[in-house]
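Notes for the one structure printed next.
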2 protein chains.
Amino acid sequence: MDAKAKHGKDYQEHIDALREVQSVAALRDAFATSLKNLGVSWFTYGGLRLPRTGRTDPVIITTYPDEWSRHYNENRYYETDAVVRSGFQNFLPFRWDTLPLRPKQKRIMSEASEFKIASGLSVPIHGPSGEFALLSVASEMPAADFERVLNESRHHIHVMSLYYHAMINDMFAPDQTVEAIELSPREAEVLSWTSEGKTAWEIGEILGISERTVVFHIENAKQKLGVFNKNQAVVKAIMLGLLKP
Amino acid sequence: MDAKAKHGKDYQEHIDALREVQSVAALRDAFATSLKNLGVSWFTYGGLRLPRTGRTDPVIITTYPDEWSRHYNENRYYETDAVVRSGFQNFLPFRWDTLPLRPKQKRIMSEASEFKIASGLSVPIHGPSGEFALLSVASEMPAADFERVLNESRHHIHVMSLYYHAMINDMFAPDQTVEAIELSPREAEVLSWTSEGKTAWEIGEILGISERTVVFHIENAKQKLGVFNKNQAVVKAIMLGLLKP
DNA sequence: CCGGGGACTGGCAGTTCTTACAGGCTCTCT
DNA sequence: AGAGAGCCTGTAAGAACTGCCAGTCCCCGG
């Protein structure tokens with residue numbers, strides 16, 4: 001009873017605590033402490049695609065043993081790691097022991113366990129504009145024990161991870177002077193068809209306007225989006241969530 | 001004390017209950033019931049872009065008064081509604097009363113309140129491949145009271161919404177026989193540059209290969225992706241998360 | 001050792017884009 | 001009523017893309 005009540009209370013408070021932290025390092029510590037209370041030893045946050053921050057390289061924050069992190073990076077395991085690949089495609093958090101592994105991936109997992117990293121849960125984080133991050137928590141517990149921890153705390157970890165990501169993303173996206181780009185309905189429509197591979201002439205037929213007018217709208221969209229050709233315009237519009245197919 | 005414990009228990013159980021439901025209608029009722037327990041009157045789920053299901057039209061599930069739903073759809077309010085637009089760009093759940101409103105949007109809100117829809121929280125749901133849905137919960141309470149409800153249940157509603165979406169998405173995506181498309185490193189590289197608006201010639205310069213070879217890789221990628229031109233190839237590759245810029 | 005696949009290169013006809021120029025029509029908000 | 005925004009249309013030349021032909025080199029697994 002008491003434990004449940006404490007748990008319920010922690011739930012809100014831990015997240016509220018996260019939201020008040022000011023620095024990346026403090027955020028890391030606060031998160032690690034919360035996880036320790038739940039019985040989880042380590043976590044790793046990988047912000048792999050954070051368009052709002054304008055970075056192309058990933059943001060990695062980890063509490064794993066240094067030696068393992070180094071080994072992992074030196075061997076570019078992130079290119080192969082089943083956890084990362086699953087994160088890209090999944091929506092809900094997943095336990096590592098539920099993943100199907102190819103030989104190379106199995107090897108990575110067993111190397112990890114030499115560093116006592118035995119069980120884990122990863123939270124895929126997808127945001128607008130193709131934003132993507134992955135927050136993994138890991139423990140030295142055997143799978144069965146870890147599962148018991150998760151039954152108690154899975155959703156807690158899930159929500160905390162989402163807020164953690166939001167905080168990191170805000171911290172790395174300095175001046176939010178991103179004045180909202182708005183496409184006119186026609187522009188959005190034309191770009192949307194373009195994204196499906198239609199030519200200007202075809203779109204003209206579809207919308208009952210001349211090819212020339214289609215080109216005109218695309219030009220305007222390119223202007224607004226600040227790009228130099230159709231491809232880029234379509235990609236950027238999608239990234240900004242401006243198209244509705 | 002007792003309330004807290006009950007709340008903590010509900011938290012897990014409500015979600016587990018959701019996950020066992022078999023039909024869309026039952027899911028709707030289960031979710032509505034959970035929300036009623038929290039003091040929330042209505043909810044609306046809009047699956048606006050569900051690529052896994054192969055649908056282009058949105059999936060809308062609502063418990064709003066029929067009359068309001070009809071009015072909303074007939075007037076295409078979803079094109080203007082501040083809630084929908086914010087959902088596209090936001091990552092975390094947001095209260096409606098925190099949104100900046102333009103005149104038209106203000107009008108929609110006040111029309112809604114004539115149907116007693118006074119306060120609301122919307123949970124943006126972004127998934128892999130540009131998947132997007134929005135789950136809004138609403139109440140007839142004034143803003144201050146509703147905020148109190150949220151302080152207690154915000155995260156609960158958040159997580160439930162994510163699982164709700166996952167369930168809906170699974171139900172509408174029949175047989176997951178989507179054989180994984182894999183691009184060769186070179187193909188991914190070339191498409192990635194293309195998505196940034198580079199021409200084939202420019203990419204050739206960047207990679208130190210001939211323009212012709214760039215075109216060759218793009219052709220192969222188009223084959224693998226089953227599309228007819230560059231635009232479509234880039235868009236599809238992004239949607240499938242095959243590019244890493 | 002041979003087949004298959006990936007990376008690479010060339011040419012050429014036809015299609016589509018890009019980017020100039022120039023103009024008109026209809027809304028809404030002030 | 002006028003300003004601004006959105007929408008619509010035309011011509012034209014050069015750049016870029018598409019689709020189909022052809023071929024070499026290298027590595028990996030059977």
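All values derive from a computational prediction rather than experimental measurement. By convention in this document, chain letters (A, B, ...) are assigned in the order of the sequence lines, proteins followed by strands, and residues within each chain are numbered from 1.
One interatomic measurement links the two molecules: CD of B:Gln232 to C1' of C:dT16, which rounds to 15 Å at whole-angstrom precision. What separates CD1 of B:Ile209 from C1' of C:dT9 is a distance of 10 Å, to the nearest Å. When rounded to the nearest whole Å, the span between CD1 of A:Ile203 and P of D:dT9 equals 14 Å. C:dC17 atom P lies 15 Å from atom CH2 of A:Trp193, rounded to whole Å. One can place CD of B:Glu211 at 13 Å from C1' of C:dC12, the figure rounded to the nearest angstrom. Rounded to an integer number of Å, the gap from A:Glu189 CD to D:dG6 P is 15 Å. When rounded to the nearest whole Å, the span between CD of B:Glu205 and P of D:dA16 equals 12 Å. One can place CD of B:Gln223 at 15 Å from P of C:dA7, the figure rounded to the nearest angstrom.
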(request) Could you encode protein contacts along nucleotides 25-30 of chain C as a string, one character per nucleotide from 5' to 3', using B for base contact, S for sugar-phosphate-only contact and - for no contact, with a heavy-atom cut-off of under 4.0 Å? (result) ------
(message) Counting primed atoms plus P, OP1 and OP2 as sugar-phosphate and everything else as base, spell out the protein contacts along nucleotides 18-23 of chain D at 4.0 Å heavy-atom distance: B, S or - for each nucleotide, 5' to 3'.
(response) SSBB--
Would you give me the side-chain donor-acceptor pairs under 3.5 Å for residues 223-231 of chain A, sequence neighbours excluded?
{"residue": "A:Lys224", "atom": "NZ", "partner": "A:Glu182", "partner atom": "O", "Å": "3.3"}
{"residue": "A:Lys224", "atom": "NZ", "partner": "A:Glu187", "partner atom": "OE1", "Å": "2.8"}
{"residue": "A:Asn229", "atom": "OD1", "partner": "A:Asn231", "partner atom": "N", "Å": "3.3"}
{"residue": "A:Asn229", "atom": "OD1", "partner": "A:Gln232", "partner atom": "N", "Å": "3.1"}
{"residue": "A:Asn229", "atom": "ND2", "partner": "B:Gly197", "partner atom": "O", "Å": "2.6"}

Could you list the donor-acceptor pairs under 3.5 angstrom formed between side-chain atoms of residues 204-212 of chain A and any protein atom two or more places apart in sequence or on another chain?
{"residue": "A:Ser210", "atom": "OG", "partner": "A:Arg212", "partner atom": "N", "Å": "3.3"}
{"residue": "A:Ser210", "atom": "OG", "partner": "A:Thr213", "partner atom": "N", "Å": "3.2"}
{"residue": "A:Ser210", "atom": "OG", "partner": "A:Thr213", "partner atom": "OG1", "Å": "3.0"}

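Taking the six-membered ring where the residue is Trp, A:Phe43 and A:Tyr164 present perpendicular rings, their angle passing 60° and hence far from 30°. The aromatic rings of B:Tyr64 and B:Trp42 lie perpendicular to each other, with more than 60° between the two planes, well past the 30° mark. Relative ring orientation between B:His158 and A:Tyr163 is described as perpendicular, the plane-to-plane angle rising above 60° on a 0-90° scale split at 30° and 60°.
Counted by atom type alone, B:Glu189 and B:His217 present zero donor-acceptor pairs between their side chains at under 3.5 Å.
Remark on DNA chain C: of its neighbouring residues B:Glu187 and A:Thr199, the 5'-side contact belongs to B:Glu187, judged by nearest-heavy-atom nucleotide.
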(request) Please step through side-chain contact (heavy atoms from CB on, under 4.5 Å) for the pair A:Asp81 and A:Tyr72, ending with a clear verdict. (result) CA-CA 10 Å; A:Asp81 193 350; A:Tyr72 188 93; 2.6 Å; yes
(request) Would you check, one step at a time, whether the test side-chain contact (heavy atoms from CB on, under 4.5 Å) holds for B:Ile61 with B:Phe31? (result) CA-CA 11 Å; B:Ile61 296 162; B:Phe31 198 75; over 6 Å; no
(request) Decide yes or no on side-chain contact (heavy atoms from CB on, under 4.5 Å) for B:Ile117 and B:Ser113, but give the supporting numbers first. (result) CA-CA 5 Å; B:Ile117 301 171; B:Ser113 64; over 6 Å; no
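Side chain of B:Ser184, nearest nucleotide from D:dC8, C:dG10, C:dG6: C:dG6. The side chain of A:His217 lies closest to D:dC7 when the candidates are C:dA7, D:dC7, D:dC17.
A salt bridge does not link A:Arg70 with A:Glu67: every distance from a Lys NZ or Arg NE/NH1/NH2 to an Asp or Glu carboxylate oxygen is 4.0 Å or more.
Across all strands shown, A:Thr213 has heavy atoms under 4.0 Å from base atoms, whether or not it also approaches the sugar-phosphate.
Every residue meeting the salt bridge (charged side-chain N to carboxylate O under 4.0 Å, His left out) condition with B:Arg148, not counting sequence neighbours, appears here in chain and number order: B:Asp145.
Checked against the 6.0 Å centroid criterion, the rings of A:Phe91 and B:His126 do not qualify as a close aromatic pair.
Comparing the start and finish of the helix from C:dC1-D:dG30 to C:dT30-D:dA1, five pairs each, the helix axis swings through 60°, to the nearest 10 degrees.
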